[in-house]
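Nothing fancy with the numbering, it's 1 onward along the sequence. Note that this is a predicted model, so its numbers are computed, not measured.
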Amino acid sequence: MAGLLASLEPWDVTIIGGGILGTSLSYWLANQYEGRIAVIEKEQQVAVHTSKRNTGVIHRPFYLDPVNRRVFARASQAAYGMWKSYAKERGLPWSPVTTFEVATREADVKRVEKYYHWGLENGMGEDELELLTAEEVRKLEPHVKSHGAIWSKTDTSVDYPSFTRALQADAEREGVRFIFGFEVKAIGVAKDLLEIQSKNGGEAIRTRFLVNCAGGNSMRIAHMLGLGREYADLNFRGEYWEVGQQWAYLASRNIYTVAQHPELPFLDPHWICRADGRREIGPNAVPVAGPYTYTGFFKNPIQALEKILEPPMMNKIALLYNKDFLTLAGEEWKSSIFKSEMARRAQEFIPELKLDYLVRPGIAGVRAQIIDRNGTFIKEAIEIKGPLSYHITNYNSPGATGSPAYAAWLVEKLGSLGYLDLRRRSSAISKAPWDYDSITSMVSDSPRILA
Ligand SMILES: Cc1cc2nc3c(=O)[nH]c(=O)nc-3n(C[C@H](O)[C@H](O)[C@H](O)COP(=O)(O)OP(=O)(O)OC[C@H]3O[C@@H](n4cnc5c(N)ncnc54)[C@H](O)[C@@H]3O)c2cc1C
């Protein structure tokens, strides 16, 4: 298949990665521009990795700093209405379970109040948010202990793989070609084209422009082209435990807690109400050796060693001097090895939860977190410009929520940066589910673009 495709004329744009971001991007590119557009994906279908292995929540942006996390906040806000109408139109799961973000310490009450204002600043309506006292939380969720909470009334549980598959079908209708089972091993520059080599051998795929949406592998792919050398990535596995159905009554809404370490907000496990009604506890954030290490620490010792020695090393060495990080990493490992530790963390806000209520492990997903030379965790997505390529990395939570809006805005930006040497479509091929212009203007602002 790959050989046949490679012998054709070069693709105008090739996207690496058939996750929710690459798939959304391919849809918008083909919707807006004429040209030969391909998505290459190492697996046999879309949304196999992070876009499937996540909490499944459409996050409303009340907890996102409107300044430091502006792009994620705007994309999430714009995408909420998009997903809502899309789910309705396509008959996809949409479970508006809502979320309580609870203060587990008295000191967190101030934070919860701040979230209320952030939510409004990020465009949420007053009717979507409510501050609750501890007593009000108890009335609505009698088994939840807190010092108060913010109630986000439009947080919704969904199934991101089914969204991604529907978007793939839309993209294909617009002419996008998905090439599965092609794992990018190396990328070479040949005059004004890029040649993408597959791990399985065979002919290279040639492209006039490349967009890297390879999720956990995106930094490695940028490094293949000598880009983003100042960054390193670390992988954290988020594990979940399923709660037996007979204990589902413990809470009927998602229960999140105010982050104990705001600079590492992905560390605290939650009580989750999945779109299919299952209840789960998770995720924790266990440091692991690779983006696809779904069990154990590494797939083989060579992979672990490679990861540790992978350049740049300075970023990781800087982090080894961070005592807080090392303590936290140890705690996260404890919650991976001992189910009792995971239960204990959930008991802080649902004291009645017992160890044996956690009946089986749920799906695990791995986050690739980028650190800079000082060992600092970068909060926003990072976009890296190359001569014939553009790379999106650190596209972490709430990335699934924001993807259709962020992708539209990215297409607009690639066009205005002069990267898309293609003719703009004068009319759409098929009826678009969303309005491109209003979405791009809702997101418009610039994240870090590195020359
Ligand atoms: C534990 C956890 C919970 C989360 N919960 C939520 C949530 O509730 N709500 C939310 O909005 N966000 C959540 N997120 C974040 C969200 O899941 C991600 O932001 C989003 O899925 C990223 O999508 P992506 O397309 O960039 O990456 P991916 O889905 O990982 O897609 C990248 C694709 O690239 C392919 N690829 C990689 N390397 C190669 C290669 N060499 N050759 C070819 N193909 C390649 C991979 O196979 C993969 O399919 C969560 C993340 C984690 C880890």
Side-chain angles (χ1 to χ4, degrees), residues 21 50 59 61 63-76 108 111 114-115 118 122 212 214-223 226-238 257-268 283-291 293 304 306-333 365-386 390-399 402 406 445-451:
L21 180 62
T50 323
H59 289 296
Y63 67 101
L64 296 172
D65 183 332
V67 177
N68 290 336
R69 305 208 62 200
R70 191 174 177 84
V71 178
F72 272 124
R74 286 182 167 228
S76 303
D108 294 334
R111 185 102 193 149
K114 189 186 232 174
Y115 284 168
W118 280 0
N122 287 329
N212 167 7
N217 256 344
S218 54
M219 194 44 91
R220 181 170 286 193
I221 284 174
H223 288 173
L227 299 163
R229 290 269 179 216
E230 62 277 48
Y231 291 116
D233 59 359
L234 290 176
N235 299 115
F236 295 91
R237 181 174 65 230
T257 55
V258 171
Q260 305 296 294
H261 303 274
E263 71 292 1
L264 303 168
F266 50 93
L267 288 183
D268 306 287
N284 52 358
V286 185
V288 289
T293 310
E306 268 176 14
K307 182 73 198 174
I308 292 161
L309 299 177
E310 191 180 68
M313 288 281 292
M314 276 318 290
N315 313 42
K316 289 172 242 175
I317 291 169
L319 202 57
L320 290 179
Y321 284 97
N322 182 338
K323 260 196 186 152
D324 285 351
F325 173 76
L326 293 180
T327 312
L328 290 170
E331 280 174 13
E332 293 298 320
W333 258 104
V366 177
R367 132 194 294 262
Q369 177 66 54
I370 305 294
I371 48 171
D372 66 14
R373 287 210 165 102
N374 304 317
T376 305
F377 288 87
I378 308 284
K379 291 196 166 80
E380 281 278 37
I382 300 172
E383 299 181 17
I384 305 173
K385 284 200 266 179
Y390 203 80
H391 306 256
I392 293 102
T393 185
N394 209 39
Y395 189 71
N396 289 316
S397 190
Y406 181 76
D445 199 357
S446 302
R448 306 159 64 93
I449 304 180
L450 305 171

Ignoring hydrogens and angles, state whether a donor on the side chain of Asp233 or Asn235 is under 3.5 Å from an acceptor on the partner side chain.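 No, no side-chain donor-acceptor pair sits under 3.5 Å.
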With a 4.5 Å heavy-atom cut-off, do [X] and [Y] have their side chains touching?
{"X": "Trp118", "Y": "Pro61", "result": "no"}
{"X": "Arg69", "Y": "Ser76", "result": "no"}
{"X": "Asn394", "Y": "Tyr231", "result": "no"}

Taking [X] for the side chain and [Y] for the main chain, is one N or O donor matched with an acceptor at less than 3.5 Å?
{"X": "Asn374", "Y": "Thr376", "answer": "no"}
{"X": "Glu380", "Y": "Arg70", "answer": "yes"}
{"X": "Arg367", "Y": "Gly238", "answer": "no"}

Measure the acute angle between the ring planes of Phe377 and Phe236, then classify it against the limits of 30° and 60° as parallel, tilted or perpendicular.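 Rings of Phe377 and Phe236: tilted, 30 to 60°.
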Heavy-atom pair with the smallest gap, counting every atom of [X] and [Y]:
{"X": "Arg373", "Y": "Arg229", "answer": "NH2-O, 4.4 Å"}
{"X": "Pro291", "Y": "Val366", "answer": "O-CB, 3.3 Å"}
{"X": "Gly402", "Y": "Tyr395", "answer": "C-OH, 3.7 Å"}

Just verifying a value: how many Å separate [X] [atom1] and [Y] [atom2], rounded to the nearest 0.5 Å?
{"X": "Leu64", "Y": "Lys379", "atom1": "CG", "atom2": "NZ", "value": "11.5 Å"}
{"X": "Phe72", "Y": "His59", "atom1": "CZ", "atom2": "NE2", "value": "11.0 Å"}
{"X": "Ile221", "Y": "Leu227", "atom1": "CD1", "atom2": "CG", "value": "12.0 Å"}
{"X": "Arg111", "Y": "Asp108", "atom1": "CZ", "atom2": "CG", "value": "8.5 Å"}
{"X": "Tyr63", "Y": "Asn122", "atom1": "OH", "atom2": "CG", "value": "10.5 Å"}
{"X": "Asn212", "Y": "Ile392", "atom1": "CG", "atom2": "CD1", "value": "7.0 Å"}

side-chain contact (heavy atoms from CB on, under 4.5 Å) with Thr393: which residues, sequence neighbours excluded? Ser218, Met219, Ile370, Ile382, Ile384
